[in-house]
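First the proteins, then the strands, lettered A, B, ... as listed; each starts at 1. All values below come from the heavy atoms of this structure, side chains included, with hydrogens, waters and symmetry mates left out.
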There are 2 protein chains.
Amino acid sequence: MEIAPETLDERVSRFVEGLKGAGVKLTPQRLEIFREVAKSADHPDVETVFRGVRKRLPSVSLDTVYRTLWSLIDLGLLSTVGHSRERVRFDANMGSHHHFVCEACGVMWDFQSDEFDRVRVPDVVRKLGSAQKTQVEIRGICTRCSGETTSRRCASRRKEDRWKRRS
Amino acid sequence: MEIAPETLDERVSRFVEGLKGAGVKLTPQRLEIFREVAKSADHPDVETVFRGVRKRLPSVSLDTVYRTLWSLIDLGLLSTVGHSRERVRFDANMGSHHHFVCEACGVMWDFQSDEFDRVRVPDVVRKLGSAQKTQVEIRGICTRCSGETTSRRCASRRKEDRWKRRS
DNA sequence: GTCAATGCAAACTCTTTGCAATCTG
DNA sequence: CAGATTGCAAAGAGTTTGCATTGAC
């Protein structure tokens, strides 16, 4: 589950430089929270990060973990896996398909692609387990949002609202 | 945003058959909730489904929407987009990579694949918008979980726990 | 020393559950 | 008619926020 020590060191130095570059303070909490995410090959959730950090920093609070994770993401030093802060969405298309997601308005379209479907499961993955389903997600900006940069950008604003609700 | 009428009809009949086959009652709520998901090309979240259904069934309650969506998923008549009921997870690997996720224990491994990276963005998607990031997610069962079907299946059980927490 | 960052506790939102009334097959 | 399903209201999780205190630069 743990990552190679040299990779971790590399990540940590990039992190320290990243904070410095952004003029953000390097606190023990931030360092440990980052290390907790960076050291695992799996991708921890908030609770897991909290438990891990608390082993070394028993006084750390859960809300600091939340705040720190989101701000490191804003700084581009971490990312979320999958759909970030978005809500669960439902899909009635039970056939094989892929998704295009607009980062601005959150709209999500299905698409099919023989080219992607033809790629066979890499050997590295075969070693990890048996694959059942392969799904591609392409993220970008939809034509509607990129065309709205001038006057009303109602669709783009929709994203801000969604984030505001939680941050 | 809406799907072709014939596709919707087809989905609805498969849904009705699906319920019948499973010996589950067809209530107006279930039908409308399913239709609300099935009719949109985008993928609605709980709140959106609720608002849509309420237009035709003003007395529907939010908890029925939740219960119905999850049970339709259990019946295999709907699916969730992305990471279903799982929590947000964090990733310190800021380079381009893809994910293998174990459906049983939830473990998630990074992998790289030139083959996937070489596939160019399909034309259908270019029409939808500008692509920024392409990420492949392969779901399956990891070797650890598939090897544990006999005695202790601690890793597999971990998933049940996670689901129990919410259902 | 200054201003950002933290910890605490309370507030909020989203989601789930218990139970009586209702409706489907 | 019997048992599943619904609506209501209240409980439960997870997440966020306000504010006084602490700590990094």
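A close approach under 4.0 Å does occur between a side-chain nitrogen or oxygen of A:W70 and OP1 or OP2 of D:dT16.
Considering only heavy atoms from C-beta on, A:S130 stays 4.5 Å or farther from B:S146 through its side chain. Taking 4.5 Å as the limit, some side-chain heavy atom of B:H99 sits within range of a side-chain heavy atom of B:D110. With contacts defined as side-chain heavy-atom distances shorter than 4.5 Å, the pair B:K55/B:E36 does not qualify. Residues B:Q112 and B:S96 form no side-chain contact, since every pair of their non-hydrogen atoms from C-beta on lies 4.5 Å or further apart.
Contact annotation for A:L26: backbone-only contact, meaning every heavy-atom pair under 4.0 Å involves sugar-phosphate atoms and none involves a base.
At a non-hydrogen distance threshold of 4.0 Å, nothing from residues 8-20 of chain B comes into contact with DNA chain D.
Criterion: ILVMFWY side-chain heavy atoms under 4.5 Å apart, direct or through other members. Under it, A:L69 and A:L75 are part of a common hydrophobic cluster.
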Apply the test side-chain contact (heavy atoms from CB on, under 4.5 Å) to residues B:E103 and A:K133: give CA-CA distance (whole Å), side-chain angles for both, the deciding distance (0.1 Å), then the verdict.
CA-CA 10 Å; B:E103 294 274 352; A:K133 189 181 164 190; 5.9 Å; no

What are the atom names and distances for every N/O pair under 3.5 Å that joins the protein to nucleotides 5-9 of chain D?
residue	atom	partner	partner atom	Å
D:dT5	OP1	B:R30	NH1	2.7
D:dT5	OP1	B:R30	NH2	3.2
D:dT5	O5'	B:R30	NH2	3.3
D:dT6	OP1	B:T27	OG1	2.8
D:dT6	O3'	B:Q29	NE2	2.8
D:dG7	OP1	B:Q29	NE2	3.1
D:dG7	OP1	B:S59	O	3.3
D:dG7	OP2	B:S61	N	3.3
D:dG7	OP2	B:T64	OG1	2.8
D:dG7	N7	B:D63	OD2	3.3
D:dG7	N7	B:R67	NH2	3.1
D:dG7	O6	B:R67	NH2	3.2
D:dC8	N4	B:D63	OD1	3.4
D:dC8	N4	B:D63	OD2	2.8

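Residue A:L31 contributes atom CG, which lies 15 Å from atom P of C:dA5 at whole-angstrom precision. Remark: C1' of C:dC14 and CZ of A:F90 are 12 Å apart, rounded to the nearest angstrom.
Ring geometry, B:H98 versus B:F111: the interplanar angle falls from 30° to 60°, so the pair is classed tilted.
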With a 3.5 Å cut-off and sequence neighbours excluded, list the donor-acceptor pairs that the side chains of residues 16-33 of chain A form with protein atoms.
residue	atom	partner	partner atom	Å
A:T27	OG1	A:R30	N	3.1
A:R30	NH1	A:K25	O	2.8
A:E32	OE1	A:R56	NH1	2.7

